[in-house]
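None of the values given here were measured: they were computed from a predicted structure.
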Amino acid sequence: MSPINFIAGIFAALAAATAAPAAQPGEVLSFKNWAVGCDNGGICRAVSLTPEELGTVFDDVHGPVSIIRTAGSEDILRVRATVHVDDIDRYRMFVDDRLVDTGPIVEGDYPIEIVGQDARKVVQSIIQGRELVLKGPDDKIISKISLAGSSAALRYIDQQQARAGTKAALVAKGSRAFQPRTIDIPLITVDHWESAALVPEATALVALAEDSKCKDDRYGLVEDQAYPLGKRGNRYRALVLISCGAGAYNFSSAPYIGEYVENSDTESGWTFAPAKFDRQPSWGGEGTDPLLVNAGWDEQNQILSSYGKGRGLGDCGKAENYVWDGDMFRLIEASAMTECRGAHEWITIWRANYRQAQQNGSAND
């Protein structure tokens with residue numbers, strides 16, 4: 001590599017690091033029987049909740065209805081319903097006994113999805129209504145959804161997207177024209193090393209566990225894991241997840257980065273340090289060594305995930321995805337659901353894109 005290209009690469013990396021803001025996930029709020037939140041790109045989602053008076057009774061409740069709206073000039077509005085039916089291929093949607101939409105039930109994550117002007121018509125009915133009912137062709141009830149709080153949740157979306165007081169608002173309508181904002185999603189530059197399979201041996205993991213804060217929380221059958229992070233020159237790195245206690249449905253892990261320097265003259269062995277994060281995983285909290293729950297690892301893309309369930313049903317909790325940038329884990333997606341009330345569709349509150357750093361004049365997105 002020429003000196004000019006080398007210097008240009010340094011400045012490009014510095015510029016990318018400076019341009020990427022610190023991860024600041026949004027919040028999830030609840031209004032009666034609806035939860036709502038937005039991500040840093042302005043995409044907002046309102047999700048129905050099971051009424052508190054029903055407790056854990058989920059009869060006639062087959063998953064939430066969600067309303068998603070983008071913030072840009074494209075202004076995409078969607079209404080989705082998650083239902084679990086095997087013998088029904090069409091639905092009819094009623095709000096306060098008035099038919100507002102009908103269509104097919106398809107296979108996939110969102111068996112019912114309404115877009116465009118049909119979605120706008122349905123949303124206006126939801127705002128003014130008390131109860132939404134989904135029925136099959138034979139009038140069999142598929143799902144019942146309380147609309148209490150839906151208007152407040154959609155008003156919150158109007159405010160977060162700067163639509164309040166404009167003609168484009170769903171609830172907080174006004175006479176002003178809406179001026180879409182340009183929102184740039186952070187772009188993280190990652191520096192993944194050359195592929196290599198070397199990881200610490202089992203004896204090194206045992207010694208690390210015995211010297212870790214997790215020592216007293218390890219009981220029963222424990223499983224520590226090590227994954228290669230690649231090599232550069234004579235240096236090898238690995239991600240190590242040390243088992244750090246478990247409950248009925250949450251399994252904690254302490255993440256470490258191991259490094260091994262290959263040297264023909266000496267046997268240095270592996271060294272370990274707690275993994276660094278640009279935003280601490282929510283499970284461990286700020287000001288402590290990081291802690292993951294129900295951790296997952298995508299080795300091909302070097303993405304580390306944490307998925308903390310508020311209860312065994314998995315209808316509440318917090319989740320994060322982090323990409324390894326060559327030095328630390330950077331948050332690229334966060335989602336949450338603060339209410340344990342039957343909403344298995346969590347709300348995205350942060351997202352970022354990433355790309356591979358230029359190496360010898362080439363780049364991989």
Side-chain angles (χ1 to χ4, degrees), residues 16-17 19-30 34-47 49 64 66-72 78 80 109 153 156-157 159-161 183-190 239 241 249-255 274-298 301-311 313-325 327-341 343-355:
Q24 295 291 339
E27 58 183 348
V28 175
L29 304 178
S30 59
W34 282 70
V36 64
C38 303
D39 66 23
N40 52 303
I43 296 178
C44 297
R45 183 186 307 261
V47 181
L49 305 170
S66 58
I67 300 170
I68 306 100
R69 194 177 196 186
T70 61
R78 292 186 175 93
R80 291 171 170 167
D109 293 336
Y156 175 81
I157 290 177
Q159 294 169 344
Q160 294 301 301
Q161 295 182 341
I183 304 176
D184 294 325
I185 300 300
L187 178 61
I188 297 169
T189 299
V190 301
L239 167 66
L241 301 178
Y249 43 82
N250 284 323
F251 302 87
S252 299
S253 302
K276 295 185 294 183
F277 292 78
D278 66 340
R279 174 123 184 147
Q280 194 83 335
S282 58
W283 190 252
E286 296 292 339
T288 65
D289 287 341
L291 198 64
L292 306 170
V293 62
N294 301 323
W297 176 244
D298 176 350
N301 297 301
Q302 297 194 345
I303 293 176
L304 180 65
S305 62
S306 181
Y307 172 59
K309 295 189 286 187
R311 63 177 181 175
L313 289 174
D315 59 347
C316 55
K318 293 183 177 181
E320 298 97 11
N321 288 334
Y322 297 87
V323 66
W324 174 249
D325 75 351
D327 181 59
M328 68 169 61
F329 286 103
R330 306 283 297 276
L331 185 65
I332 57 172
E333 184 177 10
S335 59
M337 178 52 68
T338 55
E339 298 283 345
C340 300
R341 293 165 58 188
H344 293 273
E345 185 172 344
W346 295 8
I347 296 173
T348 300
I349 52 177
W350 176 264
R351 56 192 171 97
N353 299 320
Y354 68 94
R355 61 172 294 167

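Smallest separation of non-hydrogen atoms from Met337 and Ala35: SD-CB, 4.0 Å. Nearest heavy-atom pair across Trp350 and Ala22 is CH2-O, 4.0 Å. Residue Ala343 comes nearest to Pro64 through the heavy atom pair CA-CG, 4.4 Å, listed as atom of the first residue, atom of the second, then distance. Across every non-hydrogen atom of Arg351 and Pro186, the tightest pair is O-CD, 3.9 Å. Of all heavy-atom pairs between Cys44 and Gln161, the closest is SG-NE2, 3.7 Å. Nearest approach of Pro25 to Arg279, heavy atoms of both residues: CD-NE, 3.5 Å.
Residues satisfying the salt bridge (Lys or Arg N to Asp or Glu O under 4.0 Å) criterion with Asp298, sequence neighbours excluded, are absent altogether. Scored by the side-chain contact (heavy atoms from CB on, under 4.5 Å) test, Val36 finds Leu29, Phe31, Ala46, Ala153, Tyr156, Ile157 as partners (sequence neighbours excluded). By the salt bridge (Lys or Arg N to Asp or Glu O under 4.0 Å) test, Glu339 pairs with Arg341, sequence neighbours left out. Partners of Ser66 under the side-chain contact (heavy atoms from CB on, under 4.5 Å) rule, at least two apart in sequence or in another chain, are Arg45, Val47, Ile68, Arg80, Glu345. Looking at residues two or more places apart in sequence or on another chain, you find a side-chain contact (heavy atoms from CB on, under 4.5 Å) between Lys318 and Ser282, Glu320, Ala336. Legend: residues meeting side-chain contact (heavy atoms from CB on, under 4.5 Å) with Ala275, ordered by chain and number and at least two apart, are Pro255, Ile257, Phe277, Phe329.
Between the OG atom of Ser253 and the CG atom of Leu292 there is a distance of 6.5 Å, given to the nearest 0.5 Å. Once rounded to the nearest 0.5 Å, the distance linking CG of Asn353 with OG1 of Thr189 reads 11.5 Å. Distance CD1/Ile332 to CG/Leu187: 11.5 Å, rounded to 0.5 Å. The distance from the CG atom of Asp289 to the NZ atom of Lys276 is 13.0 Å, given to the nearest 0.5 Å. Here the straight-line distance linking atom SG of Cys340 with atom CG of Leu313 works out to 8.5 Å at 0.5 Å rounding. Atom-to-atom distance recorded for Gln302:CD and Leu239:CG is 9.0 Å, nearest 0.5 angstrom.
Using a 4.5 Å cut-off on side-chain heavy atoms (C-beta onward), Gln24 and Asn40 make no contact. Side-chain contact between Asn301 and Trp324: absent, with no pair of heavy atoms (C-beta onward) separated by less than 4.5 Å. Counting heavy atoms from C-beta on, the side chains of Tyr354 and Val323 come closer than 4.5 Å.
Looking at Tyr322, its side chain never comes within 3.5 Å of a backbone N or O of Met328 through a donor-acceptor pair. A donor-acceptor pair is defined here as one N or O able to donate and one able to accept, closer than 3.5 Å; no such pair exists between the side chain of Asn250 and the backbone of Val293. In this structure a side-chain-to-backbone donor-acceptor pair under 3.5 Å is missing from Gln160 to Cys38. Thr348 places no side-chain N or O within donor-acceptor distance of the main-chain N or O of Ser335, the cut-off being under 3.5 Å. Asp278 places a side-chain N or O within 3.5 Å of a backbone atom of Leu331 that can act as its donor or acceptor partner. A side-chain donor-acceptor contact under 3.5 Å links Ser305 to the backbone of Gly296.
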Q: Start with the C-alpha distance between Leu304 and Trp297, add both sets of side-chain angles, then the distance that settles side chain to side chain contact (heavy atoms under 4.5 Å, CB included), and finish with yes or no.
A: CA-CA 5 Å; Leu304 180 65; Trp297 176 244; 3.8 Å; yes

Q) Does the side chain to side chain contact (heavy atoms under 4.5 Å, CB included) test come out yes or no for Cys316 and Lys309, once each step is laid out? A) CA-CA 6 Å; Cys316 55; Lys309 295 189 286 187; over 6 Å; no

Q | Stepwise side chain to side chain contact (heavy atoms under 4.5 Å, CB included) check, Trp34 with Ile67 | A | CA-CA 10 Å; Trp34 282 70; Ile67 300 170; 4.2 Å; yes

Q | side chain to side chain contact (heavy atoms under 4.5 Å, CB included) between Val28 and Ile349, intermediate numbers included | A | CA-CA 8 Å; Val28 175; Ile349 52 177; 3.9 Å; yes

